[in-house]
Amino acid sequence: MSARVIRRIERPAPELVKAAASYGVATLHEAAQRRGLMVDIHPVVPGLHACGPAVTSLNHPGDNLMLHAAVEVCEPGDVLVVATMSRSTDGMFGELLATQCRAQEIAGVILDAGARDRRDLIEMKFPVWSRAISAAGTVKATPGWVNVPVVCGGATVTPGDLVVADDDGVTVIPRAEVAAVVEAARLREEKEARNRVRLQAGELSLDVNNLRPLLERLGVTYES
Ligand SMILES: O=C([O-])CC(=O)C(=O)O
Ligand SMILES: [Mg+2]
């Protein structure tokens, strides 16, 4: 498929996005049976959370032209996922793009590349996650794609998948699985709440998680 911008994508139902937003990345990643976690993508600004449908941008390394093109097709609440065709850590996103993204009400930006202007991004409290921090500039010269499936942090992101990011990292949930993953996350948090009460009361995780029989089965012996 030649270089192009695809404007129309299917998104998860807004109620599902809202429901998923009440859970952290660790819970949702576990609830998805440990799939979808991006590797080596970290928060640029700590303490923030983003949850929204993915708009994807596939860029030539060292060139952020298609990132600029992708901002136009984002709707309020979307998460912009920026991939490159080969490995790159150049600072292709900074304070000016963040200013534009905030005005467009984009929920967050995930870069399999570098971000820069970190001090400004922190002051703005703009939610951005990246592989690197780098002052290295990028050009705007090479055609690419907006809203095609991409690989970001080792995870496949199809436009309209749900992307969730917080201090623990970034995970992606396929659009068709969001309802099931949200329900699994709810059950998981209920179980954790029950366990938390027992741990606060002084019980050990060995008992709460029924690990003693496992230790025995695995042949672990105790020495006094
Ligand atoms: O201009 C760029 O290419 C990236 C940047 O520093 C900004 O968005 O402020
Ligand atoms: Mg800048």
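Counting convention: from 1, in listed order, for ligands and their atoms alike. If you read the sequence from its start, that first residue is 1, and numbering goes on from there. What you see below is based on every heavy atom in this structure, not just the backbone, and it leaves out hydrogens, waters and symmetry mates.
Per-residue contacts place L96 under 4.0 angstrom from the following atoms of ligand 1 (heavy atoms of the residue considered): 7 (C), 8 (O), 9 (O). Less than 4.0 angstrom separates some heavy atom of D117 from each of these atoms of ligand 1: 5 (C), 6 (O), 7 (C), 9 (O). Proximity to K140 (heavy-atom distance under 4.0 Å) selects the following atoms of ligand 1: 3 (O). Listed by atom number, the atoms of ligand 1 under 4.0 Å from N64 heavy atoms are 2 (C), 3 (O).
Considering both main-chain and side-chain atoms, G94 comes within under 3.5 Å of ligand 1 through a nitrogen or oxygen pair.
With salt bridges taken as basic N to acidic carboxylate O contacts below 4.0 Å, none links E216 and R212. By the 4.0 Å N-to-carboxylate-O rule, K18 lies too far from E15 to be salt-bridged with it.
The residue H68 has no part lying near ligand 1, judged by heavy-atom distances below 4.0 Å.
When the shell of 6.0 Å around CD of Q100 is examined, it contains more than 12 heavy atoms from other residues, nucleotides or ligands. More than 12 non-hydrogen atoms from other residues, nucleotides or ligands lie less than 6.0 angstrom from CD of E190.
The protein atom (non-hydrogen) at minimum distance from atom 8 (O) of ligand 1 is L97 N, 2.9 Å. The protein heavy atom nearest to atom 2 (C) of ligand 1 is R116 NH2, 3.6 Å.
Closest approach between the Mg ion (ligand 2) and any N/O/S atom of D117 involves OD2.
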Exercise. Please test D78 against R11 for salt bridge (Lys or Arg N to Asp or Glu O under 4.0 Å), starting from the C-alpha separation and ending with a verdict.
Key: CA-CA 9 Å; D78 284 346; R11 293 173 171 80; 2.7 Å; yes
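Here the straight-line distance linking atom CG of N59 with atom CG of N64 works out to 7.0 Å at 0.5 Å rounding.
Under the 4.5 Å side-chain criterion, counting only non-hydrogen atoms from C-beta, V82 is not in contact with F93.
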